[in-house]
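All values derive from a computational prediction rather than experimental measurement. Note: hydrogens, waters and symmetry copies are ignored here, and every other heavy atom, side chains too, is used.
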Amino acid sequence: MRAFRKWHRIIVFIFIVALVLSGCSQKNATTDTYKQTDETSGNTEKPKDGGNLIIGTSGSPTLFNPYYSEDTASSDIEGMIFNGLVTVDENLNPVGDLAKNWDISDDGLTYTFHLKDNVKWQDGQPFTADDVVFSYSIPMNKDYTGPRASDFEKIKEVKALDEHTVQVTLKQPFAPFLTSTAGYGILPKHLLQDVPIKELDKASFNTKQPIGTGPYKFVEWKDGQYVKLEANKDYFEGRPHIDTVTIKFIPDANAILTQFQAGDIDYMALQSTDLATGEQLVKQGKAKIKTTPSLSYTFIGYNQLNPLFKDKKVRQALTHALDREKIIQAVMNGDGKIANTPGSPLEKWAYNPDVPTFDYDVDKAKKLLAEAGWKDTDGDGILDKNGKKFSFVIKTNQGNKVREQIAQVVQQMWKEVGIEAKPKIQEWSSFIKDVTAPTWNFDACILGWALGVDPDPSDIFSSKEIAQGLNFVHYKNPELDKLMAENTKITDREQRGEMIKEIQAGIAEDQPYTFLYYDNDHIMYNPKLQNVQQHPSIAYYKIEDWWIKQ
């Protein structure tokens, strides 16, 4: 299986409206709602090769290079083109991808990967250990400008022992190494070795001719319209059953559901707001739905470059003013659970359920705001301080109905405590450009994180990740910075888990985000699409095994 998006703390379009419209369209078919079992269980029919799959999404990609992309629209496509050394199974345990196995030294510093010897690049050239050395050297280079340096800074040396053996030596123990660094897609040295690292982010390879080792090969990208892939007949795990996959970009979420209802769309990620409609389609025999808890959460982030959000009491008050349970019930039809921490309940060994919480309490919110010096001195209903109104813009992305509705709801809830929030809905790529480095053109935003298999929070919350990383809210806590730097050095899982829980409690106390809720992932698809599998951390899981019933 390919390296997958959620290892890399990529900004996720939670409830990104992904769909599949293909030649397997059928308006009436058998159903299977909310089951994680393979729908082919008990079915001895042999998978058939052929068919064309069209995946639709509200988010357009930016480029196809796992060392530079920061959005799920890009990484989901990369996952079909590239492979990492390691991936994870359904239980989130590391398993070999390009590596058939590996050895770890007693001191935890040296990883020796034994590579599969039947792997070719999609242009027919052999994959070797030199490609791994080349790829890992990119984010370690002084001229590297991408966001992945922190996952590689612990590496002391990468060297090829022979054509199919690569050895990685660390400067210090790094507990998440297998489930973070070793999951990054490997790039072809023979195509990119002559491109200067400082220019690699703009290389034509990233947009016009990405070549990997994965099950699908890049064919064409029409910006704003679609990306087309075709089956890699020489894929080392066997030829994918479906001939072509086209990812079509559709910004309107309502149009996607309408197309599914009309029988024109065969697969889509179902938003909470559309679950009732989806269930009716299941009853009518027109759909199947699968659901799995998502390794993700949705939040409101506060840009601490804006003086409004520098005071911790203010951020705590903003959370106190929001009835998050009401939001979950009214906007999401109850399809979610309140989050109070950046940790996931799915990662039980490192999840702290006893962090400081800031439950809905309007009076407490008003009290904290007053303590921070905010008062309504002119009686206009909006708090002010030193001549400045407590007024700001809250941004989110177009095409996500849940977030668009949340923006309206929190606007009204904050109004009750004298805060003026003005929602602004933006096209996805424009929104991401505004929010992330080096633009940071936002006051507050509604977004979501797809979490890594390893619960290390430093990629998002360490102050080291502000300039070029994922800490776009400019959160700083020197004491927590020290703990975040230390946690990855601890190889004893229980001891490390306790430190991560301490970090989660500190972040919860500081409230750099209002943690809104944990998500569920729902997919709805035409039953003619067979062997569809769902995973809490991998998009289009094992798509090479999907097939279309003729």
- request: Find out whether Pro47 and Gln530 are in side-chain contact, i.e. whether some heavy atom of one side chain is under 4.5 Å from a heavy atom of the other.
  value: no

- request: Hey, could you give me the CG/CG distance between Leu275 and Leu270, rounded to the nearest 0.5 Å?
  value: 5.0 Å

task: Work out which heavy atom in Asp123 is nearest to a heavy atom in His190; give both atom names and the distance.
output: OD2-NE2, 2.7 Å

query: Is a side-chain donor-acceptor pair under 3.5 Å present for Thr110 with Gln167?
result: no

field: Cationic N near anionic O, under 4.0 Å, Glu237 to Lys116
entry: yes

Aromatic ring pairing Phe152/Tyr136, orientation class (parallel under 30°, perpendicular over 60°, tilted between): perpendicular

- request: Could you check if a side-chain atom of Gln193 sits within less than 4.5 angstrom of a side-chain atom of Phe134, using non-hydrogen atoms only?
  value: yes

field: Asn397 versus Arg403, side-chain donor and acceptor atoms under 3.5 Å
entry: yes

- prompt: For the residue pair Pro455 and Ala350, what are the closest heavy atoms and their distance?
  reply: CG-CB, 3.6 Å

statement: Closest non-hydrogen contact found for Ile197 with Asp143 is CG2-C, 3.9 Å

- prompt: What is the distance from atom NZ of Lys290 to atom CE of Met524, rounded to the nearest 0.5 Å?
  reply: 15.0 Å

task: Please assess Phe205 against Leu187 for the test side chain to side chain contact (heavy atoms under 4.5 Å, CB included), listing each intermediate value before the final yes or no.
output: CA-CA 10 Å; Phe205 174 93; Leu187 299 175; 4.1 Å; yes

field: Neighbour count above 12 (heavy atom, 6.0 Å) for Lys198 NZ
entry: no

- prompt: Between Asn52 and Thr244, is any side-chain donor less than 3.5 angstrom from a side-chain acceptor?
  reply: yes

- line: Here the gap from Leu229 atom CG to Asp243 atom CG, rounded to the nearest 0.5 Å, amounts to 13.0 Å

query: Is it true that Arg496 and Asp454 have a side-chain N and a carboxylate O under 4.0 angstrom from each other?
result: yes

field: Side-chain donor-acceptor pair present, Thr112, Asp103, cut-off under 3.5 Å
entry: no

message: Going by ring pair (Phe, Tyr, Trp, His ring centres under 6.0 Å), name the residues that satisfy it together with Tyr144, two or more places apart in sequence or in a different chain.
response: Tyr68

query: For Asn531 and Asp545, does a side-chain donor sit closer than 3.5 Å to a side-chain acceptor?
result: no

field: Ring geometry between Tyr518 and Tyr297 (parallel below 30°, tilted from 30 to 60°, perpendicular above 60°)
entry: perpendicular

Closest approach of Trp428 to Ala73 (non-hydrogen atoms, all atoms of both residues): NE1-CB, 4.5 Å

- request: To the nearest 0.5 angstrom, please state how far the CD1 atom of Ile247 sits from the CG atom of Asp76.
  value: 9.0 Å

query: Is the distance between the ring centroids of Trp221 and Phe64 under 6.0 Å?
result: yes

task: Assess whether side chain to side chain donor-acceptor pair (under 3.5 Å) is satisfied between Thr277 and Glu279, documenting all intermediate values.
output: CA-CA 5 Å; Thr277 301; Glu279 289 165 356; over 6 Å; no

field: Side-chain (Gln122) to main-chain (Gly214) donor-acceptor, under 3.5 angstrom
entry: yes

- prompt: If you round to the nearest 0.5 Å, how far is CD of Gln271 from CG of Asp519?
  reply: 11.0 Å

- request: Show your working on side chain to side chain contact (heavy atoms under 4.5 Å, CB included) between Met80 and Tyr540 and close with a plain yes or no.
  value: CA-CA 8 Å; Met80 292 183 273; Tyr540 315 125; 4.1 Å; yes

query: With a 4.5 Å heavy-atom cut-off, do Val95 and Val86 have their side chains touching?
result: no

- prompt: Would you say the side-chain atoms of Ser74 and Asp71 include a donor-acceptor pair closer than 3.5 Å?
  reply: yes

- prompt: Does Glu230 reach the side chain of Val245, with side-chain heavy atoms less than 4.5 Å apart?
  reply: no

- prompt: Would Tyr184 and Ile138 count as a side chain to side chain contact (heavy atoms under 4.5 Å, CB included) if you check the C-alpha gap in whole Å, the side-chain angles of each, and the deciding distance to 0.1 Å?
  reply: CA-CA 12 Å; Tyr184 281 95; Ile138 292 170; over 6 Å; no

field: Asn93 and Val88, any side-chain heavy atoms less than 4.5 Å apart
entry: no

field: Flag side-chain contact, heavy atom, 4.5 Å: Ser294 against Asn520
entry: no

message: What I want to check is whether the side chains of Asp49 and His241 have a donor and an acceptor closer together than 3.5 Å.
response: yes

query: Just checking, is any N or O donor in the side chain of Glu544 or Tyr216 under 3.5 Å from an acceptor N or O on the other one?
result: no

message: Tell me if the NZ atom of Lys401 is crowded by more than 12 foreign heavy atoms within 6.0 Å.
response: yes

- prompt: Knowing that exactly one of Asn83, Asp131, Asn232, Asp234 qualifies, which makes a side chain to side chain donor-acceptor pair (under 3.5 Å) with Thr213?
  reply: Asn83

- prompt: Does a side chain donor of either Asn471 or Ser462 reach within less than 3.5 Å of an acceptor in the other side chain?
  reply: no

query: Which heavy atom of Trp102 sits nearest a heavy atom of His114, and at what distance?
result: CA-CD2, 4.2 Å

- request: Answer yes when Lys464 and Glu153 have at least one side-chain N-carboxylate O distance shorter than 4.0 Å, and no when they do not.
  value: yes

message: To the nearest 0.5 Å, what is the distance between NZ on Lys154 and OG on Ser180?
response: 9.0 Å

- request: Start with the C-alpha distance between Asp252 and Gln259, add both sets of side-chain angles, then the distance that settles side chain to side chain contact (heavy atoms under 4.5 Å, CB included), and finish with yes or no.
  value: CA-CA 11 Å; Asp252 184 12; Gln259 289 187 42; over 6 Å; no

- request: State, without any angle test, whether Asp151 and Thr181 hold a side-chain donor-acceptor pair at a distance under 3.5 Å.
  value: no

- request: Take Thr165 and Asp162, measure what side chain to side chain donor-acceptor pair (under 3.5 Å) needs, and give me the verdict at the end.
  value: CA-CA 5 Å; Thr165 310; Asp162 59 41; 2.9 Å; yes

message: Does any part of the side chain of Phe218, heavy atoms only, come nearer than 4.5 Å to the side chain of Thr207, both counted from C-beta?
response: no

task: Report the residues that fulfil side-chain contact (heavy atoms from CB on, under 4.5 Å) with Asp434, sequence neighbours left out, ordered by chain and then residue number.
output: Lys395, Gln426, Thr439, Asn441

- line: Between Lys48 and Lys46 the two heavy atoms that sit nearest each other are NZ-O, 3.3 Å

task: Compute the centroid of each ring, for Tyr111 and then for Phe177, and state whether the two points are separated by less than 6.0 Å.
output: yes

message: Do Val166 and Thr128 have side chains that approach each other closer than 4.5 Å (heavy atoms only, starting at C-beta)?
response: no

